[in-house]
Amino acid sequence: MHLKWDEFFVTGDPLILGAQISIALTSIAIVFVLTYFKKWKWLWKEWLTSVDHKKLGIMYILAAVIMFFRGGVDGLMMRAQLALPNNTFLDSNHYNEIFTTHGTIMILFMAMPFLIGLINVVVPLQIGARDVAFPYLNNLSFWTFMVGAMLFNISFVIGGSPSAGWTSYMPLAGNDFSPGPGQNYYLLGLQIAGIGTLMTGINFMVTILKMRTKGMTLMRMPMFTWTTLITSVIIVFAFPVLTVALALMTFDRLFGSSFFTLEAGGMPMLWANLFWIWGHPEVYIVILPAFGIFSEIFATFSRKQLFGYKAMVVSIVAISVLSFLVWVHHFFTMGNSAAVNSFFSITTMAISVPTGVKIFNWLFTMYRGRISFTSPMLWALGFIPNFVIGGVTGVMLAMAAADYQYHNTYFLVSHFHYVLIAGTVFACFAGLVFWYPKMFGYKLNERIGKWFFWVFMIGFNICFFPQYFLGLQGMPRRIYTYGPEDGWTALNFISTIGAFMMGIGFIILCYNIYYSWRHSKREVSGDSWGEGRTLDWATSSAIPPHYNFAALPEVTTQDAFHHWKQNNVDVHPEKEFKKIHMPHNSGRPLIMSAFFGLGAFGLVFEWYWIGVIGLIGVFATMILRSFEYDDGYYIPVEEVIETEKKNKEAQK
Amino acid sequence: MIFLFRAIKPMLLLAMLVSVFVLGGCSNIAVLDPKGPVAAQQKDLILLSIGFMLFIVGAVFVLFTIILVKYRERKDVGNASYNPEIHGNTLLEVVWTVIPILIVAALSIPTVKTIYSLEEAPQATSHKDPLVVYATAVDWKWIFSYPEENIETVNYLNIPKDQPILFKITSADTMASLWIPQLGGEKYAMAGMEMEQYLQADEVGTYQGRNANFTGEGFAQQKFKVNAMTQSDYDKWVNKTKKEAPKLTKKTYDYLMLPDAADVQTFSSTHLSFAKHGEDSEYALQARKRLGYQAVSPHSKTDPFENVKNYKRKLETE
């Protein structure tokens, strides 16, 4: 790559110039505020270096909300461009970059960290653990994710964004057709973030298998913990495929190898296969935890235990197995034999069976319950009809012979937004509202929260429902414009209105966060909704103390906390308090990740000397870590008693 | 109020669905307005699946609405039906496992049948020999070669009606997808590969065809018109083209390999004698090299066509 110096920053587009200026101003503002209020040390000691799963979870969620904003703005710009035929708001290349970053960011840097954030906050509490199995690794996971995300995000102001779609099909994504730093950003950003995700998968698999409190058998675990366990298993099996595929394409682009190129016998179809062998399980990585969140919410606000617990567990396991057997349905049209297409059609349709079981079990969780319509419950209720629409259109897409007509059209676009927004995004919002008091010590305002739900949910339907028909009318995805003669104008315009309603919904959420911070009543009880059923509600709010449970509880039933409340069991008996062993914070993961970022930035521009410096830094921090003898520290029993006394007094 | 809206919402959605179908009719919806046997088979399959799906959506929505209305928390009348002890019901769970399995089976059979049947030439005209057309995708245009007639067209396709067309689909560079919604579903075009697809038009008319798989900057313009005509009109066109259209030289063809849009063009010979994209995936890249095209980042200030233009200018002055 012969990059000229005046091509380092992206120039010539007023939208991007505006973004560059606002990024610079925001950065200056953040530095100023931190310095003025003397918060640098607090930030470093309490947050950036923290190994506390709850704080890491909050940082994940914060990052995810910011990424939701970024990806959402991309989405709104796409919708603005498509609102009218022959629109010139964006040119072709700009549009291509935006749909590429929209997809990549929403899946990998919004949905994943949002769910991983909620998992981090909640799962160790739900199984009665003091922290995850590898707290240091947890911090490293967060920072590698963060560095990967930041690297990907700066692409649009420095060097140019990737523009080959989030699927980056070869040969389009190769040097012959997409030269420049853009696609390298994609490869290296995802590679670094992927390391973090893989470590998170390992971490939570071990945490759930090994760190459960006494009596918490697998079949007594809350459903969110179950889905997290299965998700972790999928991550551990699927992410190495992505890592290898990304590495091979990186070799193709940087070092002239020919794994996926047109030249020298490369095989572009191999990329499509590898990508989706990871990509389809990835879809379930973002949907299973969502199912878990909804399960908790349905049970809590129906005031009933989950209907068909065992069937729920079996169906998650079945979904996870099937998720590895369906990847070809992403390219039925790639010339597979009739037998192959038939096989993958049937396996894909088969997924609807365990999913259908779950839908009915949720419905019957509410049967003969006492349903209260709190805002988390509204999201869960909104999920069912909307997700069912997404699900049945998924079955339609699974029928290969019919899929030849839907493939690469807005029918598909609408389908996956119906499952990913009504499934994953609704779950993220539901989980955020539901566990907000656990994280911050006060609830989000319910009235504003309901406005948020209705505006967002109705906007979502207005935006995406017409797209099914656009697809059937022959509108392919990823076109940056169309003509009035195509006859797609009216539906596109309606769709854009819906998209902006979703944007307004997001603004309402942001306002609610501000409003509730100012006005919400501070919680004193850990059981904020009054109906908590699982161990997470047995701890104090906001943010339970670092050690979570003063004395590790013993569990004898499902929904243990609900059981204790009914039988007046003392959750934190003072006589059992002992000194508690906890891990130290560490700044090394952040430094290691920064070296990852530096090295990758060098590779993006093929400045190999920077790459080498980054790599040396990574290895140096690893070596330093392996010579580090840190056995953690003990919280003295007096301090535990003191903390618990304060919490108890607050509750009275 | 909320309950009322909630109860009505699913019905609203259903009403919306139905009204779009009824009001819009099928005429506006290309996929549901087939003009040939392939698209017609796919339409039948799609309508069958829509029927099943409306049934499922209806069943879930009704159950959902009843449960929400009936078991919502009510302060005035209390909750006599409240029973927190229910934790499952084997019979019910078996029922809602078996019914989806039956539905999946019921959909699998026609799906597999259609998948296999689309591999063959349409049955009604199976006594006729198919017309072979090579469809080649190049950034960002379509090139159609008629080997029997020795004709090549760019960005338009003329076909006789009532005769199966056997497309041999390939690409000179990026992965594209041939899609003529009113004649049938799409199939990928890949360099170094040659894929076969049967399509057929039953009615005289002009249909929209396009590339449906993202290929970069000019993707939105990579489309073409399909003119289905009577056999005699088609023959007339073939004879006229053979007489009047210029021959396709390798040099002209190389210029077509540049990543750019192209006008509608017609030639009285094909590229099949000197460029075999189905076997040689590098032809287009080498043609670009020969012409001095230089791929650069879209944000670069270098013009990728700079050398190509200089080369052309030199040729003209000579």
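Proteins come first, then strands; the chains are lettered A, B, ... in the order of their sequence lines, and each starts at number 1. Values reported hereafter were calculated over all heavy atoms of this structure, with side chains retained and with hydrogens, waters and symmetry mates removed.
- Here Met175(B) contributes atom CE and Trp271(A) contributes atom CH2; the two are 12.0 Å apart, rounded to the nearest 0.5 Å.
- Neither the backbone nor the side chain of Asp44(B) comes within less than 4.5 Å of any heavy atom of chain A.
- Contact of Lys113(B) with chain A is not made at all, since no heavy-atom distance falls under 4.5 Å.
- Highest contact tally toward chain B, considering only Gln558(A), Met170(A), Met396(A), is held by Met396(A) [criterion: heavy-atom pairs under 4.5 Å].
- Contacts with chain B were tallied for Val395(A), Val388(A), Asn361(A); Asn361(A) has the most, counting heavy-atom pairs under 4.5 Å.
- Between Ile115(B) and Tyr404(A) there is a side-chain heavy-atom pair separated by less than 4.5 Å.
- With hydrogens and angles ignored, the 3.5 Å screen pairs no side-chain donor or acceptor of Thr114(B) with any backbone N or O of Ala401(A).
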Candidate pair Asn89(B) and Phe307(A), rule side-chain contact (heavy atoms from CB on, under 4.5 Å), full reasoning: CA-CA 8 Å; Asn89(B) 182 318; Phe307(A) 190 90; 3.8 Å; yes
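- Proximity of Thr97(B) to Phe360(A): side-chain heavy atoms (C-beta onward) are nowhere separated by under 4.5 Å.
- Top candidate by heavy-atom pairs under 4.5 Å with chain A, chosen from Lys187(B), Gln197(B), Lys223(B), is Lys187(B).
- Counting heavy atoms from C-beta outward, Phe64(B) and Trp362(A) have side chains that stay 4.5 Å or more apart.
- Contacts between Phe9(A) and chain B at a heavy-atom distance below 4.5 Å are absent for every atom of the residue.
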Derivation and outcome, side-chain contact (heavy atoms from CB on, under 4.5 Å), residues Tyr188(B) and His407(A): CA-CA 11 Å; Tyr188(B) 279 4; His407(A) 184 64; 2.6 Å; yes
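- Only the side chain of Glu97(A) comes within less than 4.5 Å of a heavy atom of chain B; its backbone N, CA, C and O stay farther away.
- Side-chain contact between Phe61(B) and Ile389(A) is present, with heavy atoms from C-beta onward closer than 4.5 Å.
- For Leu262(A), the parts lying under 4.5 angstrom from a heavy atom of chain B are both the backbone and the side chain.
- At least one side-chain heavy atom of Arg210(B) sits less than 4.5 Å from a side-chain heavy atom of Pro476(A).
- If you measure heavy-atom distances from Ser345(A) to chain B, the contacts under 4.5 Å come from the side chain alone.
- Options Pro110(B), Ser117(B), Gly185(B), Ala189(B) differ in how many heavy-atom pairs under 4.5 Å they form with chain A, and the most are formed by Gly185(B).
- When heavy atoms are compared at a cutoff of 4.5 Å, Val296(B) approaches chain A solely by way of its backbone atoms N, CA, C and O.
- Gln405(A) contributes a side-chain N or O that, together with a main-chain N or O of Pro181(B), makes up a donor-acceptor pair within less than 3.5 Å.
- Both the backbone and the side chain of Glu186(B) come within less than 4.5 Å of a heavy atom of chain A.
- In this structure, no portion of Ser178(A) lies under 4.5 Å from any heavy atom of chain B.
- The residues Arg303(A) and Glu73(B) are annotated as salt-bridged, a charged nitrogen and a carboxylate oxygen being separated by less than 4.0 angstrom.
- Using a 4.5 Å cut-off between heavy atoms, Ala311(A) touches chain B through backbone and side chain atoms alike.
- Considering only heavy atoms from C-beta on, Lys304(A) comes within 4.5 Å of Ile86(B) through its side chain.
- Heavy-atom minimum distance, Tyr406(A) versus Ser49(B): OH-OG, 4.2 Å.
- Aromatic ring centres of Phe156(A) and His299(B) lie farther apart than the 6.0 Å criterion allows.
- With hydrogens and angles ignored, the 3.5 Å screen pairs a side-chain donor or acceptor of Asn408(A) with a backbone N or O of Ala212(B).
- For Tyr71(B) and Tyr367(A), the distance between ring centers is under 6.0 angstrom.
- With a threshold of 4.5 angstrom between heavy atoms, Ile67(B) approaches chain A through its backbone and through its side chain.
- For the set Ile169(B), Ile99(B), Val31(B), the entry with the most heavy-atom pairs within less than 4.5 Å of chain A is Val31(B).
- Top candidate by heavy-atom pairs under 4.5 Å with chain B, chosen from Met366(A), Gln183(A), Met334(A), Met269(A), is Met334(A).
- The two residues Arg478(A) and Phe219(B) come nearest to each other via the heavy atoms O-CD2, 3.4 Å.
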From CA spacing to verdict: side-chain contact (heavy atoms from CB on, under 4.5 Å), Met399(A), Leu45(B): CA-CA 9 Å; Met399(A) 301 162 71; Leu45(B) 190 62; 3.7 Å; yes
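- Of the atoms belonging to Gln221(B), it is side-chain heavy atoms, and not backbone ones, that fall under 4.5 Å from chain A.
- In this structure, Lys310(A) and Thr90(B) have side chains that are not in contact, with every pair of non-hydrogen atoms separated by 4.5 Å or more.
- The two atoms that bring Phe373(A) and Arg72(B) nearest to each other are CE1-CB, 3.5 Å, heavy atoms only.
- Below 30°, between 30° and 60°, or above 60°: for Phe214(B) and Phe99(A) the angle between ring planes is above 60°, a perpendicular geometry.
- The two residues Gly369(A) and Tyr82(B) have their closest heavy-atom pair at C-CD1, 3.6 Å.
- In this structure, OG1 in Thr333(A) is found 7.0 Å from CG in Asn213(B), a value given to the nearest 0.5 Å.
- Put simply, the side chain of Phe177(A) does not reach to within 4.5 Å of the side chain of Thr215(B), judged on heavy atoms.
- For Ile66(B), no part sits under 4.5 Å from any heavy atom of chain A, backbone or side chain.
- The backbone N or O of Ser81(B) sits less than 3.5 Å from a side-chain atom of Arg368(A), completing a donor-acceptor pair.
- With a threshold of 4.5 angstrom between heavy atoms, Ala339(A) approaches chain B through its backbone and through its side chain.
- Only the side chain of Met195(B) comes within contact range of chain A, judged by heavy atoms closer than 4.5 Å.
- Closest approach of Gln305(A) to Glu85(B), counting heavy atoms only: NE2-O, 4.2 Å.
- If you measure heavy-atom distances from Leu306(A) to chain B, the contacts under 4.5 Å come from the backbone alone.
- Within the 3.5 Å criterion, the main-chain N or O of Glu217(B) finds a donor-acceptor partner in the side chain of Ser92(A).
- At a 4.5 Å heavy-atom cutoff, the contact between Asp486(A) and chain B is made by side-chain atoms alone.
- Residue contact with chain A, scored on non-hydrogen atoms closer than 4.5 Å, involves the backbone and the side chain of Ala39(B) alike.
- Here the rule is side-chain contact (heavy atoms from CB on, under 4.5 Å) with Ser352(A), and of Leu107(B), Ile103(B), Val104(B), Ile101(B) only Val104(B) fits it.
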Phe364(A) and Leu63(B): CA distance, side-chain angles, deciding distance, side-chain contact (heavy atoms from CB on, under 4.5 Å) verdict: CA-CA 10 Å; Phe364(A) 274 75; Leu63(B) 190 62; 4.0 Å; yes
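- Nearest heavy atoms, Asn175(A) versus Ala295(B): O-CB, 4.5 Å.
- A side-chain contact (heavy atoms from CB on, under 4.5 Å) with Pro100(B) holds for exactly one of Val353(A), Ile359(A), Val357(A), Thr355(A); it is Val353(A).
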